[in-house]
Structure formats: C-alpha cells, structure tokens
Amino acid sequence: MIGQNPGKYRGNRQAISALVRETEVHRDLYLDQELFELEMEHLFANTWVYVGHESQVPKLGDYYATTIGTQPVVMVRSAEDKVSVFYNRCPHKGTRLTGEACGNTGRFFRCPYHAWTFRLDGSLAGIPLKSGYDNTGFADSHGARGLTPVRHVHNYRGFVFGKLSDVGLGFDEFFGESLSSLDNMIDRSPVGKLEVAGGALRYKHDCNWKMLVDNLTDTCHPMIAHQSSAGTAVDVWKSAPAGAKKPMVVEIYAPFASPYDFFQTMGIRVWDNGHGHTGVSHSIHSDYSAVPGYFEQMKAAYGEERARAILGENRHNTVYFPNVTVKGPIQLLRLFKPIAANKTLVESWAFRLVGAPDMLLERTVMYNRLVNAPTSIVGHDDLEVYERAQAGLAGNGNEWVNVQRLYSADEPGQRNVVTDGTSEGQMRNQFRAWTKFMTMGA
Amino acid sequence: MAFVPTDQQLIDFVVGEARLLDQHRLDDWLNLFTEDGHYWMPLESGQTDPRLTTSLMYEDKLLLRIRVDRLKGKATYSQSPKSRCHHVLQQPQVDARDDGDKHYVTWTPLHYVESRADEQTLYAAWATHHLTVVDNALRIRLKRVDLVNCDAALGSIQLFV
C-alpha cells in the first residue's frame, strides 16, 4: 500500500511464517488488515486466480469487468480465438474504462473522461488533439503504452485464470492433478462445453475470505450448523403422503443432515499448492435422481464406459486455492472475492452443460438459490457461524485457531493423498500454501 | 352465491398479508397460499423465467413450510437473536381482474425493513400478487417480489418481503 508505515508484518517474512504452525494458525490471518493487504500484494499476485469464463465474452469486443484480489481488471474477447485481461484503468488519469459489469465495447475501449481510445489488444489507438503531445517525449510514457495487461493469463478449457506477478509457478505446475475436477465438470456436457447461465448471486459476508475457503472441506459442520435448514427439510418431508415422489428440493437439502460416518467415509483428496476436494467415494451430490435422456446422450458422446466414469465422480467441493471452488456434479462455481480483512463478496455462478437436457440446469439453478443466495437458509446458517467466529476471534484469551483434527507428523511430506473425510488435513494444506505464496519471491 | 371480491377486498387482502408477516403470524400467512402457490423473488430486473434463470427465491409451499418451521427451530442460530420486519405499502392497485377465471392481479410498491440485533436494513420493492378464490376466500397463487436492487450484492434477508 502506498504511503503505509512499516507494520508488524510488512517486510518481515519470519513474522508471517510464524503465523502458521503445523496444527494451529494465528487469528491475525482473519483479523489483521495489514496482513490482508500483504495477501493482496503477494498471495493474490503469486497464485493463479480465477477471472471468468470465456462464455461470458463470446463475441469480439465483449467484455466482463471483475477483480483479481482487489485489483480491478477487465476480461475481453480481443480476437476470435483469444481472451485478454487488462487492468481496468485508463493510462491517462486512471479512470475505470467500463461502466457496466459486462457488455460489448465494439472495436475499441473508449475512456469516458477524455476519449482516449484503445484497441482490443490494449494498444493506444487515438487521443483527441494529439498534437498537444508532440515533442513532449510522450512515446516513452506509461500513457503511450496503452492498457496494462495482466502479466500471465491462461484459458483452461474456457476457464480463464490470471497471475499478476512473475513470481510463482507455471499454470500446470500450480494446479497439477487438481484440474481433473474442472475436466469432470466440463466433460459432463455431451459436447464437452460449458456456458455461464445468467448472472451470479452476490452475497455480502462480514468475515474474512478464508473462513469460506476453510469451510469448503469442513465436514463436521453440516449436521450441526445446517440442522436448522436441512434437518427441518427432512422433518417436513416426513409428513408427506406415503409413496409421494421425493422432490428435487428435498434431494438437495436432505444430505446436508447426513451423519458423521457419511462424511468420514467420503474421503478428502489433498493436492499440492493448497488444492483439494471432498467427496472422493461419494458425496451429498451422489443420490440425485437420473435426468431422463441424459445418460443416453453421454453414452452416445463418450461410449458407455467413459460416460459411466464421468458421471461416477461425485466430487463435492473442489478448492482451487486461493479463492474459488467448483461443484462438478451440480455445475456451480463460487468465487470468494476479498474486500477487506473482515469483508468478502461471495459470487455464485451457474453453468449450463451445453447439449444436455434443461432439467440439469433447472437443478443447478435450484441448488444455487437454495444454498448460495442471500435469501438461502443454508447460507444464513453458514454466515451466522462465520460472523460469530470473526467476532469471537477478537477475544484475547487465545490467539490461535485449531486445525488439528486427524493430524499426523508425516503429513507435510505426503502428496496427492486421500484422507479420512473428516480430516482437517486439507485445511492444513491450504495454510501451508498460504505461507508458501505469501513469502515467495522478494 | 360464489364469492366475487371487490377491488377494496383485494386491496385489504394484500395489506392484511403484510400485517401477518410483520406480526410474525407465519402459519396464518402460509395458509394464504394455494396448495400450488409460489413465492418468487427474481434476481434479474424484468426476469420472466423462474426455472432456468437463477432467482433469489422461487419457493413452493413445501419450501415455504420448511422456511417457516426453521424460523421457529431451537437450533436456528441465525435467529438468535431473532429478526423483525416492517412493511410500508403504497395502496395496492388492481391491475387485472377476471371474475370468471377467478384471477386477480395487484401491484404494490413497498418499503421493507429487516432488523436483527444492532443492524437494520431497508429494501425497496414492488410486490405483484396473483390471487384466486378458494372456498370463498382469497388465496395467493403467486407472490412476486421485485427488489429495486435485485442484482446488487446483498446481505442476508431472513424473513419475507
């Protein structure tokens, strides 16, 4: 941050590393604003952060404005076969170029302040009354360079990621085997293609972004925190007439109330660099009713064996560290946008499996509003405990958060393993990655 | 004689519905819906499809029952302390009436306040009620609530607008 005084953590790699121990992490990871700003400068610059999906910008000149960490960026279809990502500011006075969150800018971005224009590749196209810059050395200025591109952009089968800094790992090395979860979500389309379906649900959370990420593989909370919603759904359904067909909404809600052994035996797969997923053998998505006609389409597209393998995966939450998660079996993506140490915006995006029956999208959309909306009772359950944790952590009696469940001393050396489904090993994996990317490089 | 509501009775029904919500008489409120009734809060301005487009809420009577029962539940931590709500309605306008089909549509601009502990949030909305007559009484087939800022980043809305 500009003009910031040296604090507790800036320039002190040792102090940052000391915050993460093998089985506990310091509360400052959730509370400290200086640490949050260092996360934006290092963690969110040194890692590959999800930007958007290429289906949001199908036509030349289509754009979508978003953030990487707290940095404003704009994703644009810059050529038929290319999606580019730029910092969303005019190089002249800094004006953000876009007004709408998405739209089409034509062949140029045109700044609304002084009408400087930029080609879709970011280069400066024109300045009104340009002669005023003659003999000023303008060609060597930042202004003449046009829009600043995000340094590293990778489009993985339609999912666009950006990395702001040169520090860190290449895309393939960073994600490794974890890309299999994105593959599985995409392969569920008989033509291997996804499309964003409509706008995102946007839910404000007064808590640190990592509470949401920690919770993705926290399988000891559903039967407690969601007793109120899922438990009530199960109770209400009990009074349904005998033989009534279980509706989709009950199929979605009820598994949240499953007992501990359901979650213990589902397993959690832990990958390098903070990635991992719940639901190795089964998950809360395993027992949804078949959608008529869908398996036949998949069989025709992939052959029976491969179709069964694709649909046999029931991965629950896949964490793509640091701040995005996908649910392949239900085609949802949630992005946890950090705003401040105690503020996060949760965006929940629904995807259409191109070529598949509409009933699959109906289920995706239903799941999204039942679980991820600001009006969702499951969402209310979760936010309540996050906000209570954010408040309770201020208490000085104990400065540490415990993540010890099913820890073993040989764990840090293990790679791509499957753990007990109630282990906090994936959370520990995320914190190891946190330290790694916070302290990497200069 | 079959019951044919006057415009004033339609207006009184909509006003009375808001009062049940404000007074937390949620079982009585739920009984205002037909068995196939829905409560819909779109995510997009002018949204026409609740099925394949994401909404904030699109709930049948089963989901509304779950919501109402949950609000009463002992393990409902997000309602400890409880939320309260307050509706201010503009006079409902009768937009359509078809006595033969027993189909009536009203339109009601409103302000809605939800409070919990030290926080209080104001929302503005338009409510569209699609009403019918069942057993000589007015019932809700569809209550559509369009928040003015439906597509904004929102905090929790725990009660019913």
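What you are looking at is a predicted structure, and each value in this text was computed from that prediction instead of being measured. Just so it is clear: chains get the letters A, B, ... in the order the sequence lines come, proteins before strands, and each one is counted from 1.
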Engineer: Do you know which of B:I157, B:L154, B:T54 has the most heavy-atom pairs under 4.5 Å to chain A?
Structural biologist: B:L154
Engineer: Against chain B, work out which of A:N368, A:V249, A:N372 has the most heavy-atom pairs shorter than 4.5 Å and name it.
Structural biologist: A:V249
Engineer: Please look at A:R388 and chain B and tell me whether the side chain, the backbone, both or neither of the residue comes under 4.5 angstrom of a heavy atom of that chain.
Structural biologist: side chain
Engineer: Taking non-hydrogen atoms and a cut-off under 4.5 angstrom, which of residues 202-209 of chain A neighbour chain B?
Structural biologist: A:R202, A:Y203, A:K204
Engineer: Hey, could you give me each pair passing ring-ring contact (aromatic ring centres under 6.0 Å, His included) that has a residue in residues 128-159 of chain B? Not counting sequence neighbours.
Structural biologist: B:H103-B:H130
Engineer: Please find the pair of heavy atoms, one from B:T132 and one from B:K102, that lie closest to each other, and give the distance.
Structural biologist: OG1-O, 2.8 Å
Engineer: Grab the two heavy atoms, one from B:L122 and one from B:V113, that are nearest each other, plus how far apart they are.
Structural biologist: CD1-CG2, 3.7 Å
Engineer: Check this for me, if you would: do B:R25 and B:D27 make a salt bridge, where the nitrogen-to-carboxylate-oxygen distance has to be below 4.0 angstrom?
Structural biologist: no
Engineer: With a 4.5 angstrom heavy-atom cut-off, could you sort out which part of A:L345 is near chain B: side chain, backbone, both or neither?
Structural biologist: side chain
Engineer: What I'd like to find out is whether the side chain of B:L26 reaches to under 4.5 Å of the side chain of B:H24, using heavy atoms alone.
Structural biologist: yes
Engineer: Non-hydrogen atoms of chain A under 4.5 Å away: do they reach the side chain of B:S156, the backbone, both or neither?
Structural biologist: both
Engineer: Please, which pairs that meet ring-ring contact (aromatic ring centres under 6.0 Å, His included) have at least one residue in residues 325-365 of chain A, sequence neighbours excluded?
Structural biologist: A:H53-A:F351, A:Y64-A:W349, A:F159-A:F351
Engineer: Using a heavy-atom cutoff of under 4.5 Å, enumerate the residues of residues 55-94 of chain B that contact chain A, numbered in order, or state 'none'.
Structural biologist: B:S55, B:L56, B:M57, B:Y58, B:E59, B:L62, B:L63, B:R65, B:I66, B:R67, B:D69, B:R70, B:A75, B:T76, B:Y77, B:S78, B:S80
Engineer: Which atoms of A:V385 are under 4.5 Å from chain B, going by heavy atoms: the side chain, the backbone, both sets, or neither?
Structural biologist: neither
Engineer: Side chain, backbone, both or neither: which part of B:Q158 has a heavy atom under 4.5 Å from chain A?
Structural biologist: both
Engineer: Could you report the tightest heavy-atom contact between A:M359 and A:V291, atom names first, then the distance?
Structural biologist: CB-CG1, 3.8 Å
Engineer: Pick from A:G198, A:A373, A:A233: which one has the most heavy-atom pairs with chain B under 4.5 Å?
Structural biologist: A:A233
Engineer: If I compare all heavy atoms of A:G379 with all of A:S376, which pair ends up nearest, and what's the gap?
Structural biologist: N-OG, 2.9 Å
Engineer: Restricting to non-hydrogen atoms, name the atom on B:D49 and the atom on B:W40 that form the minimum distance, rounded to 0.1 Å.
Structural biologist: C-CZ2, 3.9 Å
Engineer: So which atom in A:I68 and which in A:V49 form the shortest heavy-atom distance, rounded to 0.1 Å?
Structural biologist: CG2-CB, 3.7 Å
Engineer: Where on A:A101 is there a heavy atom nearer than 4.5 Å to chain B: the side chain, the backbone, both, or neither?
Structural biologist: neither
Engineer: Looking only at the side chains, is there a donor atom on one of B:Y104 and B:D7 sitting less than 3.5 Å from an acceptor on the other?
Structural biologist: no
Engineer: Give a yes/no verdict on a cation-pi contact between A:K210 and A:Y30, requiring under 6.0 Å between NZ or CZ and the six-membered ring centre and an angle within 45° of the axis.
Structural biologist: yes
Engineer: Do A:L353 and A:L194 have side chains that get closer than 4.5 Å, going by heavy atoms?
Structural biologist: yes
Engineer: Between A:V346, A:I224, A:V250, A:D358, which has the largest tally of heavy atom pairs under 4.5 Å with chain B?
Structural biologist: A:D358
Engineer: Heavy atoms only, distances under 4.5 angstrom: which of A:G199, A:A350, A:S229 has the most pairs with chain B? Name it, please.
Structural biologist: A:S229
Engineer: Do the side chains of B:D22 and B:R19 get close enough for a salt bridge, i.e. N-O under 4.0 angstrom?
Structural biologist: no
Engineer: Name the region of A:L201, side chain, backbone, both or neither, that has any atom closer than 4.5 Å to a heavy atom of chain B.
Structural biologist: both
Engineer: Hey, is B:R51 close enough to A:E362 for a salt bridge, meaning N to O under 4.0 Å?
Structural biologist: yes
